[in-house]
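Order of appearance sets the numbers: ligands from 1, and atoms from 1 within every ligand.
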Amino acid sequence: LHLICIQFEPVSQLQRVAVSPSQIHHPAIHLTADQIHYLQRVLRLAAGDRFIAMDGQGHWWLTQLGDEPGQGQILDAIAADTELPVPVTLVAALPKGSGFEEVVRQVTELGVTTIMPVISDRTLLKPSSNKLNRWRRIAQEAAEQSERLVIPTLLDPVPVSAYWDDAHADEKAVSYLCTARRQSCLLGTHLARSQFPPSAVTVAIGPEGGWTEAEVDRAIAAGYQPVSLGRRILRAVTAPTVALSMIALQLEQMSVQDTV
Ligand code: SAH
């Protein structure tokens with residue numbers, strides 16, 4: 001007789017990993033070398049630890065890292081009907097004052113998965129750890145209010161130049177840089193035309209003063225697509241909400257097309 005003692009952590013605290021449907025062979029998931037690296041080295045998970053595998057088509061599985069390297073073991077399906085079908089990251093240059101609180105609240109309501117505050121050339125301040133804790137509390141409250149399964153992860157701020165350099169180029173993911181003064185395609189239009197469905201979406205919003213030319217060039221070199229949010233100039237605290245609404249609309253339309 002084996003007595004197995006399992007500690008259940010709330011689903012909202014588990015890390016999420018995007019896998020492609022072809023990797024799923026119930027009840028096993030064949031993980032790629034990159035995913036194994038991410039799970040073991042970056043997230044520091046060991047055999048027996050749990051994570052959520054998401055197939056980008058709205059299916060989530062509670063999964064355990066197997067003893068055999070490269071294997072995940074599906075434990076259960078998770079009903080994730082309040083979540084967007086793929087992970088969405090907001091990269092946001094910090095606006096001044098308390099404007100970021102409203103950004104965190106609204107993008108959480110709209111389904112963001114990760115919020116990455118960045119310090120850009122025209123960002124005025126670096127937030128205190130008190131502020132970070134406050135933003136994390138706001139994300140938690142907003143996620144509960146919106147009956148989400150996931151509390152968005154708010155990462156520690158990094159200089160934006162370091163961020164572009166590390167941007168992970170996954171060919172099935174899409175990354176957008178919102179720029180107010182270029183002739184670019186609308187974010188929503190671009191996403192609607194992209195390969196369905198992307199494995200992940202990242203969107204970057206500049207500070208009140210906008211991105212510098214050098215920042216725009218570096219982002220484009222790192223694989224970011226410059227996009228527009230419309231013909232009017234939005235405030236740095238309005239732009240993330242508009243961007244997330246466009247993304248949520250397109251992703252939810254894609255996943256509805258999948259199921260009908
Ligand atoms: N003062 C800047 C505008 C900054 S607006 C200027 O005059 O150019 C702050 C940020 O919001 C921008 O960096 C951009 O990321 C985003 N933004 C605002 N309006 C936008 C629009 N119409 N299209 C795309 N991005 C926009």
Side-chain angles (χ1 to χ4, degrees), residues 84 87-127 131 135 138-139 142 152 154-169 173-194 198 200-251 253:
L84 293 175
V88 176
T89 299
L90 170 71
V91 175
L94 288 165
K96 56 178 188 262
S98 57
F100 204 61
E101 292 184 6
E102 211 42 53
V103 171
V104 171
R105 197 185 320 272
Q106 294 189 356
V107 296
T108 301
E109 288 173 33
L110 288 163
V112 80
T113 325
T114 305
I115 302 172
M116 169 88 245
V118 290
I119 317 284
S120 70
D121 288 350
R122 295 184 182 147
T123 300
L124 299 176
L125 82 171
K126 199 170 179 267
K131 270 218 164 142
W135 293 337
I138 289 173
L154 195 134
L155 300 169
D156 288 332
V158 295
V160 77
S161 52
Y163 176 76
W164 304 139
D165 286 351
D166 287 345
H168 194 65
V174 285
S175 302
Y176 295 119
L177 182 84
C178 294
T179 51
R181 298 201 182 259
R182 282 189 171 223
Q183 297 287 323
S184 311
C185 177
L186 276 175
L187 191 166
T189 309
H190 197 279
L191 186 54
R193 290 181 190 151
S194 73
V201 179
T202 300
V203 61
I205 308 283
E208 280 96 343
W211 301 113
T212 64
E213 276 306 312
E215 285 170 339
V216 172
D217 291 346
R218 277 185 91 163
I220 293 172
Y224 276 70
Q225 169 75 36
V227 288
S228 162
L229 298 174
R231 300 210 176 139
R232 292 142 303 276
I233 306 284
L234 304 170
R235 288 164 63 225
V237 293
T238 312
T241 306
V242 174
L244 255 293
S245 322
M246 286 187 186
I247 293 168
L249 170 66
Q250 294 305 332
L251 292 179
Q253 274 183 347

Legend entry - Pairs flagged by side chain to side chain donor-acceptor pair (under 3.5 Å) wherever residues 103-120 is involved - sequence neighbours left out: Glu102-Gln106, Gln106-Thr241, Ser120-Thr123
Per-pair distances, 0.1 Å, donor-acceptor, side chain in residues 183-192, under 3.5 Å, sequence neighbours excluded:
residue, atom, partner, partner atom, Å
His190, ND1, Tyr176, OH, 3.1

Legend entry - Distance in Å, Thr89 OG1 paired with Met116 CE, rounded so as to fall on 0.5 Å steps: 9.5 Å
Legend entry - Those residues that, when tested against Glu208, pass side chain to side chain donor-acceptor pair (under 3.5 Å) (two or more places apart): none
Inset, instruction - Kindly say whether Asp217 contributes a backbone atom to a donor-acceptor pair with the side chain of Trp211 at under 3.5 angstrom? - result: no
Inset, instruction - Report the distance from atom OG1 of Thr202 to atom CD of Gln225, rounding to the nearest 0.5 Å. - result: 13.5 Å
Atom pairs, nitrogen or oxygen, ligand 1 to protein, under 3.5 angstrom:
residue, atom, partner, partner atom, Å
ligand 1, 1 (N), Glu208, O, 2.8
ligand 1, 7 (O), Arg181, NE, 3.0
ligand 1, 7 (O), Arg181, NH2, 2.8
ligand 1, 8 (O), Arg181, NE, 2.9
ligand 1, 13 (O), Gly206, N, 3.4
ligand 1, 15 (O), Cys178, O, 2.6
ligand 1, 15 (O), Gly206, N, 2.9
ligand 1, 19 (N), Leu234, N, 2.9
ligand 1, 22 (N), Gly230, O, 2.9
ligand 1, 22 (N), Arg232, O, 2.7
ligand 1, 23 (N), Leu229, N, 2.8

